[in-house]
Enquirer: 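Structure provided below as structure tokens; questions to follow.
The chains referred to below are lettered A, B, ... by the order of the sequence lines, with proteins before strands, and numbering in each begins at 1. Keep in mind that the numbers below use all heavy atoms, side chains included, and drop hydrogens, waters and symmetry copies.
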Amino acid sequence: MKLFKYIRLAISYAILIFMVLFSVFPLYYIIMTSLSNAPNLISLDVSDLFPKHIYFTAYRELLTANYYGGSFPLWIRNSIILASSTALISILLAMLTGYALSRLNIPAKKTLAAFIYIVTFFPYTATAVPLYLMFAKFHMLNYIGLIIAYTPGTSIFAAFLAKLAIDSIPPSYEEIAMVDGLSRFQVFLRIVMRLALPIVALTAILSFSGAYLDFALAYAFLLPHISEWTATIGLYYAAGLLNYASAPAYNLFAAGSVIMGIPLTALFIASQRMMTRAYSTLAGVK
Amino acid sequence: MTSSKNGKNEDNGFLYILPILILTIFVFILPLVYALYISFTNMNLFHLFNYNIVGLKNYAIIFECGYFWELIKNTLIWTLGSLVTMMSLGFLLALILNQRDLKGKSIFYAFLILPWAFPGFISLLIWQGLWVDPYGMMNKLILPMLHLPRINSLISTTDAWIELILTNDWLSFPYFMTVFYSSLQSIPHELYDLAELDGAGTLTKFFRITLPSLKRTIAFVFITSFVFTWNNFYPIFILTGGGPGISTETFIVYAYEEAFDYSNFALASAWSVISTIFVIILGLIVIKYTHILDSFS
Amino acid sequence: KPPSSVTPTTTSTKPSVSGPLNITNATDLMKLVGLNSTPSSPVTITVWNSYSTSENQAFNQTLAQFEKEFPWIHVDVTYGVGVGCSQFEEAAKGHDAPIVYRDTSNSGGALFCAGLLLNLSEYLPPQVFSLYLNCSISDWSIGKAVYGLPDDINYIVMFYNKQYVPYAPNTTCEMVKIAEEVNTTDHVWGIAYGASDEYGYRFAAWFAGFGGQIFTTQNGQVVPALNSTAMVDALNFWYNLTYDLHINYLAPSTGAGGAEGELFEAGKAAIIFDGPWDLNAYLQALGSNLGAAPLPVVSQTGIRAEPFLGATGWMISNPSVSGATPLQIKAALIFILFVTNCQSDYRLWCIAHDIPANKIAYNEAMAELKAGKLTPSYLNQIMEGILEQAQYTQKFPNIPQMAYYWNSFHTAASEFFAQQINAQTAAQTMESNFINCLKKNGLLSSSFEILPLPPALIDAILLLLSVFMIPEIKYKVKAL
Amino acid sequence: MAHVKLEDIWKIYKEKKKTVEVLRGINLEIEKGDFVVILGPSGEGKTTILRIIAGLLKQDKGHVYLRGKLADDMSPKDRNIAMVPQNYAVYPFMNVFDNIAFPLKIEHVPKEEIRKRVLEVAEMLKIDNLLDRKPSQLSGGQLQRVAIARALVKNADIILMDEPLSNLDAQVRVLAREELKELQQKLGPTIIYVTHDQAEALSLATKLALLHDGKIQAYGDPLELYGQPNNSWVASFLGNPAMNLIRSEIAGEKIEFDGQAIPLPERFKGIINSNKVILGIRPENIEISQDGDIEGVVELVEKLGSFTITHVRVGNDIIKVIDKAFIKREKGEKVKLKFDYSRIELFDAESGVNLMIKNG
Amino acid sequence: MAHVKLEDIWKIYKEKKKTVEVLRGINLEIEKGDFVVILGPSGEGKTTILRIIAGLLKQDKGHVYLRGKLADDMSPKDRNIAMVPQNYAVYPFMNVFDNIAFPLKIEHVPKEEIRKRVLEVAEMLKIDNLLDRKPSQLSGGQLQRVAIARALVKNADIILMDEPLSNLDAQVRVLAREELKELQQKLGPTIIYVTHDQAEALSLATKLALLHDGKIQAYGDPLELYGQPNNSWVASFLGNPAMNLIRSEIAGEKIEFDGQAIPLPERFKGIINSNKVILGIRPENIEISQDGDIEGVVELVEKLGSFTITHVRVGNDIIKVIDKAFIKREKGEKVKLKFDYSRIELFDAESGVNLMIKNG
Ligand SMILES: Nc1ncnc2c1ncn2[C@@H]1O[C@H](COP(=O)(O)OP(=O)(O)OP(=O)(O)O)[C@@H](O)[C@H]1O
Ligand SMILES: Nc1ncnc2c1ncn2[C@@H]1O[C@H](COP(=O)(O)OP(=O)(O)OP(=O)(O)O)[C@@H](O)[C@H]1O
Ligand SMILES: [Mg+2]
Ligand SMILES: [Mg+2]
């Protein structure tokens with residue numbers, strides 16, 4: 001009994017440690033690349049894993065260089081604004097939809113739910129060009145357009161989780177607030193969203209990182225104005241990955257992604273506890 | 001589920017789902033209808049404006065081109081291979097983390113979600129470098145250390161799949177781990193107590209309680225991730241480019257090439273439409289047999 | 001970074017102009033496009049610029065000068081446009097294309113054939129085109145039409161590491177011998193060439209060296225000619241180096257950013273084939289050990305391996321996709337003439353080592369090299385090697401058919417180098433893939449008839465879709 | 001003028017195929033300051049009534065009047081009602097202070113005023129030392145006080161309470177009940193209180209409403225209803241153990257059942273016209289005693305501390321008797337039962353109506 | 001030989017910084033066929049005890065003996081114990097049949113045999129018509145039967161039940177209680193039953209164990225414990241309303257409190273050596289009567305149907321009295337109380353020990 005327990009724990013820790021190494025190793029590699037000045041992804045020796053010199057040139061360049069009206073800090077700022085707005089709107093949409101599906105009367109609810117769900121199965125390759133053309137027609141090749149294009153996917157996915165989560169919240173929380181003088185919508189904002197916080201956190205993370213890291217759509221929409229670029233586009237450009245007529249500067253690319261990774265990782269770690277609860281309503285007791 | 005019963009309100013909820021409906025129409029349905037329409041035309045770079053309806057020609061091309069079935073097979077290998085491995089890996093880690101007597105859970109967890117929290121576009125490039133045979137660390141250090149044969153995706157289709165799927169696993173296991181971890185935590189421990197009392201061993205408990213309890217979770221993430229992986233082409237694009245030959249090329253990679261390399265928008269749309277019909281059929285089968293949407297009735 | 005001594009200041013090194021046309025000042029330029037006086041109201045032109053970051057340093061100087069000379073033209077520049085035309089196509093389809101666009105000549109060829117670009121020969125006198133190297137302008141012509149003005153030419157050359165390679169091999173036999181020696185004595189790869197990750201750009205040089213041609217003409221129709229002994233030989237040549245002699249490292253990715261280049265930079269490969277665009281990376285890594293020379297003569301055939309000569313350049317969209325007014329077109333013409341004039345082109349050479357396409361700038365560069373003016377001095381020899389290659393190049397086929405070559409080649413080649421098919425099969429596959437692609441896209445008469453699609457069928461498809469999505473309908477259908 | 005008045009309220013739930021008529025014509029008039037308890041088995045629609053009064057649910061038919069005014073079209077927030085929901089619904093993400101202050105914050109009461117009122121109510125309910133805690137750190141009893149405090153702080157004159165004590169320990173429940181009663185007497189609001197617990201209903205109510213079958217079966221003084229139930233359902237429902245109900249026949253001056261006969265009390269004479277009746281007598285009104293006139297056999301003895309319930313088989317009926325705590329009886333023992341004839345009730349065998357009330 | 005024996009069981013939970021000693025030396029001997037109820041307030045460790053007996057939790061100190069054998073190192077499955085957990089833990093994803101059959105399936109009982117035994121148990125518990133249903137389609141009462149059926153089907157001779165009736169309606173609960181009792185009498189297993197509901201404890205237990213402060217405070221026949229609590233905590237806990245406990249002083253032959261004095265009953269004479277005591281008397285052993293000798297004022301009247309609890313203020317103490325149901329009393333009325341001296345208990349004021357038991 002005891003022995004079994006020790007063996008089980010030993011195996012568990014072994015797997016965990018192995019997996020942590022597996023997870024962290026490529027990231028370590030990225031950080032190292034970002035701290036080198038002769039970017040080399042491939043022909044490293046094992047001894048090079050512990051570099052003798054550390055260069056901050058890539059960071060310095062990214063943080064100080066001006067690219068004809070754009071600069072990496074500016075792009076990061078743009079990205080954060082764009083991604084946060086996307087996250088906010090996705091949350092709102094997901095929760096609204098989840099709330100409606102859970103609490104309110106909607107004709108043909110199941111059909112509607114299945115329908116909007118299945119619609120998201122369509123691949124980007126099918127919708128990319130039409131989407132661009134449509135948005136061009138409506139003069140929405142800008143942040144608003146991007147936000148509109150980003151939100152529904154995550155929102156629909158999250159709405160399903162939100163629905164299940166709201167199902168498991170006793171309605172009396174809302175009712176008491178209504179009796180106390182809030183309108184239904186205010187109740188939704190102030191009470192329901194707060195009670196379904198794990199789903200809100202998950203939605204926030206998924207939609208934030210989706211918008212924050214997107215390249216293809218942002219590039220198509222925002223290309224003309226360098227000052228409006230997002231960090232991803234800027235990074236591709238600054239590191240020379242958009243143009244074959246220059247060798248890619250992987251150290252810049254790595255440094256940029258490390259800088260970009262900081263807010264994202266912070267967000268993940270911060271909402272770790274929420275995320276580990278986000279799916280609980282799916283499991284177990286119905 | 002009395003809560004949803006008692007909580008139901010007479011209010012018309014239509015207003016609440018109107019925003020998502022409008023956006024869905026705008027962002028999915030209209031482009032889709034347009035894509036469907038394009039797939040019946042000959043729109044390409046040379047007929048960008050003056051294209052005509054060519055009927056089912058594009059679909060005929062697809063079925064006659066000879067690699068349709070090869071692409072289906074590849075897409076299934078890619079999708080199922082990735083999904084099965086990353087779900088199992090995520091599940092295993094979730095089970096490990098869910099042990100009550102394990103210490104340092106949140107620290108392990110924080111490290112383990114890092115691949116998810118890091119910009120994927122650079123991770124893929126790094127992985128491309130790691131897999132280079134014999135110079136990348138995977139082949140130089142890790143695989144030899146584990147006494148495993150080296151992997152070279154340039155000369156072997158099997159190696160190419162291993163490389164693709166392992167990389168995709170790295171990118172995605174944190175998500176599955178999170179999902180399963182959070183679901184596992186919500187299974188009442190009394191269920192296990194009781195089974196243990198009745199003489200259930202670890203395996204019995206796993207198969208008779210854990211798995212059935214997570215059925216809904218598994219179904220839900222399976223179907224969403226199935227679609228996502230089916231439609232995800234960046235890893236293939238960056239790591240193997242579909243090679244050797246077209247042995248790791250999937251529907252979507254192919255459609256992407258048609259659209260963006262050959263500018264044949266019509267054919268690309270037709271590929272996408274066919275691909276989508278496949279996902280939908282598979283998706284509906286999963287939905288039907290797992291009753292995943294039942295809680296919406 | 002380029003050596004600082006050659007960085008020009010706009011005033012000091014101004015190459016003298018000679019030739020049939022004099023377009024060095026603003027009024028000349030305006031006259032050339034038919035403007036006799038400065039227009040009363042300013043115009044804005046949109047410009048998509050696909051320069052790399054270092055090229056943009058030169059471009060921005062040029063731009064500043066341009067705006068000073070033409071204060072009535074406001075240039076709205078979009079930086080960071082990728083080469084390859086998909087972005088432009090989307091914009092064009094949305095009638096939102098830029099007025100001026102820069103891309104490679106083969107992208108431009110496709111766009112021109114699609115009717116998205118202006119035929120410049122209708123707007124500019126023929127003498128203008130003789131300002132550019134003939135090879136570069138021919139890259140930008142289809143038949144009599146010229147659809148863009150080149151600003152650089154490019155091709156691949158052989159880079160080698162002098163530490164391992166005592167002299168630049170002139171034939172493949174020499175190359176193999178050197179590589180074998182490097183292999184045995186220095187224990188590094190003789191050659192690094194990612195043949196299986198190739199889309200046929202580099203390989204085209206070897207194909208030509210074995211006597212092959214990508215296209216031939218049959219009954220007046222352009223058809224692929226990949227299924228030839230030249231292709232089989234060329235493939236087997238590289239196969240032999242890779243698998244029999246083990247002197248070529250089959251790299252998974254090409255160029256300075258790929259495995260090829262990185263091995264070369266790290267001193268783990270002696271020879272690679274790459275273009276001058278990656279020169280900076282190699283210079284930085286190898287310094288005076290870097291050597292450059294033309295691709296060798298293929299010993300079996302006695303023919304030189306000739307790379308594609310490509311040219312990037314500036315083009316003007318058809319007003320139907322950019323909505324440009326005649327005045328804007330004129331401004332655009334002035335702009336592309338200006339950014340490809342000798343001064344601007346020379347500036348690109350100085351700052352980014354682009355090989356000039358402008359004759360005067362090219363000659364100036366050559367003269368500089370001859371005089372050994374570049375510092376550090378070893379750079380002169382490298383650049384000479386690079387420029388020497390220009391004599392041994394083949395015309396880049398800029399016909400629309402070319403777009404379908406790359407993937408057809410790649411698929412079969414990667415399979416071949418994975419040892420899954422033999423060279424004959426690979427050559428056949430390439431060709432049949434190529435032909436299929438052309439047929440699918442209507443560039444070759446095809447067996448795919450236009451299948452009639454009766455309206456009832458459309459209904460049926462839509463119904464089918466809705467049946468999958470909406471259960472209610474399913475029941476109704478059942479009831480029927 | 002009734003403070004709260006329900007007039008013929010109907011409520012029908014539609015679920016998939018079937019419809020459930022939960023309320024089928026509820027009429028209720030509640031005076032200001034009443035403590036009305038609505039008692040009924042689970043699932044009979046008690047919560048539904050409260051939600052209709054609060055405006056959270058719309059009745060299908062009938063009218064709600066509040067303070068004399070028709071309230072059908074008032075939204076919940078305009079009805080100035082406070083509510084303690086079935087599960088307290090104390091917001092888990094706010095601390096106790098914020099929970100109590102929430103209704104005031106919604107009304108934009110000034111900060112200082114909020115503080116004052118929250119403290120006042122918290123002191124009254126003896127939770128002023130818990131104001132910083134999160135709900136997860138509170139026991140059931142404390143949670144319930146917070147919920148009540150939140151209802152009181154609004155100074156609403158109508159308070160709805162939905163089984164507020166049902167989650168509490170037995171001990172705590174009794175204490176809470178007493179406090180609640182005192183509070184109501186002190187502050188004087190109209191309270192409508194819903195429960196399925198009789199002891200609670202009887203000890204709290206100034207007026208008791210019994211809900212069954214979608215109708216109010218009885219409404220009035222709790223002890224009167226207890227003593228003289230107006231129909232056999234009320235008799236069988238009210239009281240724990242419930243009233244013994246025995247099918248009997250009137251044979252002249254006798255009531256006969258199970259082969260036994262007891263004299264028909266004087267007060268029933270002349271008003272009985274059917275001869276099949278149901279005899280009702282409460283367990284506490286039966287004594288096991290040698291001079292009893294009904295013979296039976298002890299079937300089961302339930303010892304409950306302060307008293308014992310003895311189940312006595314008489315013919316086909318089981319008659320429950322409340323016995324002294326310390327009497328020892330064996331199963332199978334033969335006993336004699338003595339009814340307190342003055343406390344016998346008779347119900348119509350068909351309609352279940354109390355014959356005394358119907359005819360008297 | 002005890003069927004189940006707990007010997008000095010200690011259990012300490014470590015949580016982040018603080019450790020909680022939940023069980024601090026539990027001793028308990030349970031005979032075969034006993035129906036032992038462990039009664040204690042919420043959170044005192046009742047579930048913990050059951051889980052230790054079942055082997056699901058390891059005690060930190062002490063031993064568990066099952067059927068005379070040391071069981072400390074037996075795994076749960078070897079203990080042959082059945083259990084009904086606090087929330088039933090009916091597997092939500094199996095139907096009723098599979099739920100009941102689960103323990104048998106694990107033991108690889110043949111299919112036919114499983115069918116037979118499940119049907120048998122299901123019939124016994126009257127759930128044979130529900131076998132196809134999913135748990136989500138069952139009511140609380142039905143769920144509870146399923147949980148019990150699952151425990152019975154194993155034919156284990158030791159069954160642990162953790163508040164199995166706590167989720168049920170008051171009415172249903174009383175019925176379920178009776179059924180459970182009959183079932184135990186019929187099948188004869190040893191049942192260890194945990195609850196915080198006194199009525200349940202008193203009516204079910206053949207032996208009652210009171211848990212408080214990590215110790216068994218009292219163990220024995222429920223009515224004896226009720227009648228003669230061995231310490232003042234037991235007295236205050238057991239009974240609803242609880243025993244009146246009044247701080248008093250012994251002054252010669254008198255017991256004095258609140259300015260009143262009553263004679264010291266004969267049986268205490270000679271065994272009292274401290275003069276500060278706590279006088280305990282149950283509300284049902286006090287009568288309000290003219291010939292009472294203690295004077296008080298009515299403070300509150302709780303009418304509970306079958307009886308009334310009158311709170312009488314005597315000096316600083318409130319004394320509760322169980323009164324007839326129909327007596328009307330007003331707040332403020334002056335009354336006289338008559339104690340049944342034979343039922344008085346005295347406890348030590350310091351240790352709370354029953355002086356009669358301690359010394360006699
Ligand atoms: N939204 C709804 N749709 C359908 N049926 C409902 C709905 N709400 C309640 N019901 C049904 O109406 C009946 C009355 O419900 P209600 O909650 O008012 O009962 P209750 O008396 O408060 O019960 P409890 O004592 O269990 O709280 C129940 O049978 C319930 O199942
Ligand atoms: N795993 C644990 N870690 C720390 N403390 C625990 C743990 N399990 C229980 N406790 C604490 O031990 C005490 C006893 O818990 P237990 O569940 O045995 O009580 P209980 O008597 O069954 O209560 P209830 O009547 O509420 O079911 C409680 O205070 C509880 O908070
Ligand atoms: Mg209710
Ligand atoms: Mg417990």
Side-chain angles (χ1 to χ4, degrees), chain A residues 91 95 99-114 162 165-202 204 270-271 273-278 280-281 285-286, chain D residues 13-16 47-48 50-58 66 74-94 98-109 135 146-156 158-164 167 194:
Chain A
I91 290 169
M95 298 309 291
Y99 183 68
L101 287 177
S102 170
R103 292 274 201 263
L104 304 175
N105 261 340
I106 299 169
K109 185 186 278 186
K110 193 177 173 186
T111 308
L112 205 66
I166 294 171
D167 277 352
S168 67
I169 299 173
S172 45
Y173 285 115
E174 293 144 56
E175 296 182 350
I176 189 73
M178 277 164 75
V179 170
D180 286 344
L182 290 185
S183 71
R184 186 171 273 283
F185 189 70
Q186 286 172 314
V187 167
F188 165 76
L189 287 180
R190 290 176 65 170
I191 309 292
V192 178
M193 296 261 260
R194 188 62 187 72
L195 285 169
L197 203 56
I199 304 290
V200 171
L202 185 80
S271 49
R273 272 198 41 229
M274 287 296 146
M275 282 204 308
T276 56
R277 301 214 309 257
S280 52
T281 44
V285 201
K286 192 173 163 250
Chain D
Y13 283 120
K14 292 183 194 66
E15 278 243 311
K16 278 183 203 144
T47 302
T48 305
L50 288 197
R51 297 179 70 227
I52 287 175
I53 298 176
L56 296 166
L57 206 62
K58 190 97 186 64
L66 295 176
M74 280 189 202
S75 73
K77 63 171 194 271
D78 300 327
R79 297 195 179 194
N80 192 21
I81 281 179
M83 183 159 162
V84 180
Q86 191 153 8
N87 59 354
Y88 310 151
V90 172
Y91 302 118
F93 48 86
M94 296 180 190
D98 290 336
N99 257 293
I100 302 177
F102 191 68
L104 301 179
K105 281 190 188 156
I106 290 176
E107 289 173 14
H108 302 292
V109 174
V146 175
I148 294 176
R150 190 176 52 184
L152 290 181
V153 83
K154 280 175 77 178
N155 279 337
I158 301 175
I159 303 181
L160 311 179
M161 298 191 174
D162 196 352
E163 312 197 18
N167 293 341
V194 145

Enquirer: Sort out for me which of D:Ala147, D:Ala89, D:Ala156 touches chain A most, counting heavy-atom pairs under 4.5 Å.
Expert: D:Ala89

Enquirer: With rounding to the nearest 0.5 Å, note down the distance linking CE in A:Met178 to CD1 in D:Ile81.
Expert: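 Here the interatomic distance stands at 12.5 Å.
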
Enquirer: Would you name the heavy atoms of A:Val179 and D:Met83 that are closest together and state the gap between them?
Expert: CG2-SD, 4.0 Å

Enquirer: Which atoms of D:Phe93 are under 4.5 Å from chain A, going by heavy atoms: the side chain, the backbone, both sets, or neither?
Expert: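 The answer is both parts of D:Phe93.
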
Enquirer: What is the minimum heavy-atom distance between A:Ala177 and D:Phe102, and which atoms define it?
Expert: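 Distance-wise, the nearest heavy atoms are CB-CE2, 4.1 Å.
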
Enquirer: Is any side-chain heavy atom of D:Ile106 less than 4.5 Å from a side-chain heavy atom of A:Gln186?
Expert: no

Enquirer: Any chance you could measure A:Leu195, atom CG, to D:Tyr91, atom OH, to the nearest 0.5 Å?
Expert: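 These two atoms lie 8.5 Å from each other.
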
Enquirer: Identify which part of A:Ile191 has an atom lying under 4.5 Å from any heavy atom of chain D, answering side chain, backbone, both or neither.
Expert: both

Enquirer: Hey, which of D:Ala151, D:Gly55, D:Pro92 has the most heavy atom pairs under 4.5 Å with chain A?
Expert: D:Pro92

Enquirer: Would the number of heavy atoms belonging to other residues, nucleotides or ligands and lying under 6.0 Å from CZ of A:Arg194 be above 12?
Expert: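 More than 12 heavy atoms, drawn from other residues, nucleotides or ligands, come within 6.0 Å of this atom.
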
Enquirer: For the CG atom of D:Asn80 and the CG atom of A:Asp180, what is their distance to the nearest 0.5 Å?
Expert: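 Going from CG on D:Asn80 over to CG on A:Asp180, the span is 10.5 Å.
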
Enquirer: If you look at every heavy atom in D:Val90 and A:Tyr173, which pair is closest and at what distance?
Expert: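 Minimum heavy-atom contact is O-CE2, 3.2 Å.
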
Enquirer: What is the distance from atom CD of A:Glu175 to atom CG of D:Leu50, rounded to the nearest 0.5 Å?
Expert: 10.0 Å

